[in-house]
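Step one of this worksheet: look at the structure below.
Residues take their numbers from the sequence shown, with the count starting at 1.
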Amino acid sequence: MIQVVAERYMAEALKLARNGLYTASPNPRVGCVLVRDGQVIGRGWHMRTGAPHAEVNALNEAGDRCAGATAYVTLEPCSHRGLTPPCADALIDAGVARVVAGMRDPDPRVSGRGLARLRGAGIAVEVGLLETQCRTLNRGFISRHERHRPWVTVKLAASLDGRTAMASGESRWITSDSARRDVQRLRARSDVVMTGIGTLLADDPSLNVRLSGAELGCSGQVRQPVRVVLDSEYKAPGSAKLFSLPGDILIYGVKPACEAGCSAVRSQAVQVSVPAISGRPALDAVMRDLATRGINEVLVEAGATLVGALFEGGLVDELVLYLAPHLMGSEARGLVELVGLEHMADRIGLEWVDYRMVGRDLRLTARVAQAPKAV
């Protein structure tokens, strides 16, 4: 019975943490519930970098009732001073008697130090309640610290026979308005929306979020993701739509920035030179660089070649596929370009995570089999 009650409080903390789904990054999404004598006395969540953390918000709501309380928090309280003071110290100063953390913080500046500080102050500490759910909520933050690369989701839209465009390249629109609106939510929770130069030249995408905070169910202004283009020779034309829209842009190529042909975008994007593999940007180097920039989650909206290269490089964690109820024929273009898979043993394994109807289309979500299960 005691465990069930504790899980209920942690589940409430997780619900609070989800309020930061579209705003908290690059910080983790964190929620906190303060309980005393069987009553919730304070609730808090972290909105964005520089704003008070979840524990502080909960303590402020509880006021002078914190002494002897139990704090249920989805992530280990921080122990370092960044833009805000350490939350571990705030809990200690408030007289909290017990802290139940969903998981240890993977950030090396914290990782165990917050828990140790609490224990050193005589506070009872427990770790691991609903840990799988806590890790899932912050999968990108965890990936950046544990694997030194972001969590990568590939989004694809296809007909029921697995086609993404007609042979001519015509692709608007395969899926319904409802599915395209749903993609806006994927973009909004992502730090980066990535594409390749081929898709940029063929489709001239915006790659931005076109839903308001109210439509997303969050307070404050919508955070636009960084737009990333993989462009070996920096050939992106300055007339491309994304250059006329607000927000940061990174272009990854293999030549020294602006060596040739890129004057049109020089002032509109940051150009990053990375090592080349077969004349194209090394994808693992791109991901490592993004991690150093504080990027937690990457959404890839690209063609079959780039998507295939990401799968081949073991850099895809999740696939979100929107299937439309029509057939486009054998001449139309396929989903993913994968070469060298000659035997059944060569297949890339996926595990179903979710399936649901979005308007008239079916949205399938699958996790790459080797991706960390607890993330």
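- Here the side chain of Asp231 pairs a donor or acceptor atom with the backbone of Lys235 at under 3.5 angstrom.
- Checking Asp361 against Thr175 by side-chain atom types alone, no donor-acceptor pair falls below 3.5 Å.
- Looking at Thr136, its side chain does come within 3.5 Å of a backbone N or O of Thr132 through a donor-acceptor pair.
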Starting from the C-alpha separation in whole Å, work towards a yes-or-no answer on side chain to side chain contact (heavy atoms under 4.5 Å, CB included) for Thr305 and Arg280.
CA-CA 11 Å; Thr305 301; Arg280 295 174 177 171; 3.2 Å; yes
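- Taking Leu338 as the reference, Phe311, Glu312, Val336, Leu341, Ile348 meet the side chain to side chain contact (heavy atoms under 4.5 Å, CB included) condition, with sequence neighbours excluded.
- Salt bridge status for Asp317 with Arg147: present, with a side-chain N to carboxylate O gap under 4.0 Å.
- Under the rule for a side chain to side chain contact (heavy atoms under 4.5 Å, CB included), the partners of Arg189 that lie at least two apart in sequence or sit in another chain are Leu21, Tyr22, Arg29, Arg139, Glu297.
- Salt bridge annotation for Asp177-Arg180: present, with a cationic side-chain nitrogen under 4.0 angstrom from a carboxylate oxygen.
- Hydrophobic clustering (ILVMFWY, side-chain heavy atoms < 4.5 Å, transitive): Val228 and Leu245 are in distinct clusters.
- Linking ILVMFWY side-chain heavy atoms closer than 4.5 Å, directly or via other members, places Val100 and Val35 in a single hydrophobic cluster.
- Atom-to-atom distance recorded for Gln39:CD and Arg36:CZ is 11.5 Å, nearest 0.5 angstrom.
- For Arg293, the salt bridge (Lys or Arg N to Asp or Glu O under 4.0 Å) partners are Asp289, not counting sequence neighbours.
- Atom CG of Asp354 has more than 12 neighbouring heavy atoms from other residues, nucleotides or ligands inside a 6.0 Å radius.
- The cluster map of Ile, Leu, Val, Met, Phe, Trp and Tyr, joined by side-chain heavy atoms under 4.5 Å apart, puts Val307 and Ile277 in different clusters.
- With hydrogens and angles disregarded, a donor-acceptor distance shorter than 3.5 Å links the side chain of Asn19 to the backbone of Leu16.
- For the pair Pro77 and Val99, the minimum side-chain heavy-atom distance is below 4.5 Å.
- Under the 4.5 Å side-chain heavy-atom criterion for grouping Ile, Leu, Val, Met, Phe, Trp and Tyr, Leu115 is connected to Val30 within one hydrophobic cluster.
- Cys87 SG to Leu59 CG: the interatomic distance, rounded to the nearest 0.5 Å, is 8.5 Å.
- Note that CG of Leu230 is 6.5 Å distant from CG of Leu283, once rounded to the nearest 0.5 Å.
- Taking every heavy atom of both residues into account, Gly253 and Pro281 meet most closely at CA-CG, 4.2 Å.
- With sequence neighbours left out, the salt bridge (Lys or Arg N to Asp or Glu O under 4.0 Å) criterion links Glu301 to Lys155, Arg187.
- In terms of modelled atom types and a separation under 3.5 Å, the side chain of Thr164 and the main chain of Leu335 share no donor-acceptor contact.
- Sorted by first then second residue, the ring-ring contact (aromatic ring centres under 6.0 Å, His included) pairs that include residues 27-76, not counting sequence neighbours, are Tyr9-Tyr72, His46-His53.
- Under the 4.5 Å side-chain heavy-atom criterion for grouping Ile, Leu, Val, Met, Phe, Trp and Tyr, Leu200 is not connected to Val254 through any hydrophobic cluster.
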Could you walk me through whether Leu242 and Asn208 pass side chain to side chain contact (heavy atoms under 4.5 Å, CB included), step by step?
CA-CA 8 Å; Leu242 80 168; Asn208 63 343; over 6 Å; no
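- Among Leu299, Val316, Val298, the single residue meeting the side chain to side chain contact (heavy atoms under 4.5 Å, CB included) criterion with Thr153 is Leu299.
- Side-chain atoms of Leu34 and Thr70, non-hydrogen and from C-beta on, never get closer than 4.5 Å to each other.
- Remark: side-chain polar atoms of Glu76 are paired, donor with acceptor, to backbone N or O of Gly112 under 3.5 angstrom.
- Inspection of the Ser212 and Glu215 side chains reveals an N or O donor paired with an N or O acceptor under 3.5 Å.
- Taking the side chain to side chain contact (heavy atoms under 4.5 Å, CB included) definition, one finds that Ala11 meets it with Leu130, sequence neighbours left out.
- Applying the ring-ring contact (aromatic ring centres under 6.0 Å, His included) test to every pair with at least one member in residues 320-366, sequence neighbours left out, gives no pairs at all.
- The two atoms that bring Val40 and Arg43 nearest to each other are CG1-CZ, 3.5 Å, heavy atoms only.
- Asp284 is linked by a salt bridge (Lys or Arg N to Asp or Glu O under 4.0 Å) to Arg288, counting only residues two or more places apart in sequence or in another chain.
- Salt-bridge annotation for Glu351 and Arg367: absent, with no side-chain N of the basic residue lying under 4.0 Å from a carboxylate O of the acidic one.
- Of the possible polar contacts, one joining the Arg227 side chain to the Ser206 backbone as a donor-acceptor pair under 3.5 Å is found.
- Salt-bridge formation is not detected for the pair Asp105/Arg113: no Lys NZ or Arg NE/NH1/NH2 atom is positioned less than 4.0 Å from an Asp or Glu carboxylate oxygen.
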Decide side chain to side chain contact (heavy atoms under 4.5 Å, CB included) for Val152 and Met287; before the verdict, give the C-alpha distance in whole Å, the side-chain angles of both, and the deciding distance to 0.1 Å.
CA-CA 9 Å; Val152 177; Met287 295 302 174; 3.8 Å; yes
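- In this structure, Thr199 contributes its side chain and Gly303 its backbone to a donor-acceptor pair below 3.5 Å.
- For the atom pair CZ of Arg356 and CG of Leu364, the computed distance is 11.5 Å after rounding to the nearest 0.5 Å.
- A distance-only check finds a donor-acceptor pair linking the side chain of Gln224 to the backbone of Val209 [under 3.5 Å].
- Side chain of Ser190 to main chain of Leu186: a donor-acceptor pair is present (N/O by atom type, distance under 3.5 Å, no hydrogens or angles).
- Atom CD of Gln271 and atom CD1 of Ile249 lie 10.5 Å apart (nearest 0.5 Å).
- Surrounding CZ of Arg223 are more than 12 heavy atoms belonging to other residues, nucleotides or ligands, all under 6.0 Å away.
- Residue pairs satisfying the ring-ring contact (aromatic ring centres under 6.0 Å, His included) criterion with at least one member in residues 120-150, sequence neighbours excluded, are listed as follows: Phe141-His145.
- Side-chain contact between Leu91 and Asp89: absent, with no pair of heavy atoms (C-beta onward) separated by less than 4.5 Å.
- At least one side-chain heavy atom of Leu129 sits less than 4.5 Å from a side-chain heavy atom of Gln3.
- In this structure Pro26 satisfies the side chain to side chain contact (heavy atoms under 4.5 Å, CB included) test together with Thr49, Arg144, Asn296, sequence neighbours excluded.
- No side-chain heavy atom of Arg363 sits less than 4.5 Å from a side-chain heavy atom of Leu321.
- Residues Met166, Ile174 make up the rest of the hydrophobic cluster containing Met328, defined by ILVMFWY side-chain heavy atoms closer than 4.5 Å, directly or through other members.
- Neither side chain, Ser159 nor Arg163, offers a donor N or O lying under 3.5 Å from an acceptor on the other.
- Asp182 places no side-chain N or O within 3.5 Å of a backbone atom of Ser178 that could act as its donor or acceptor partner.
- Heavy atoms from other residues, nucleotides or ligands lying under 6.0 Å from NZ of Lys15 number 12 at most.
- When the salt bridge (Lys or Arg N to Asp or Glu O under 4.0 Å) test is applied to Arg119, no partner is found at least two apart in sequence or on another chain.
- Interatomic distance, Leu350 CG to Thr365 OG1, rounded to the nearest 0.5 Å: 11.5 Å.
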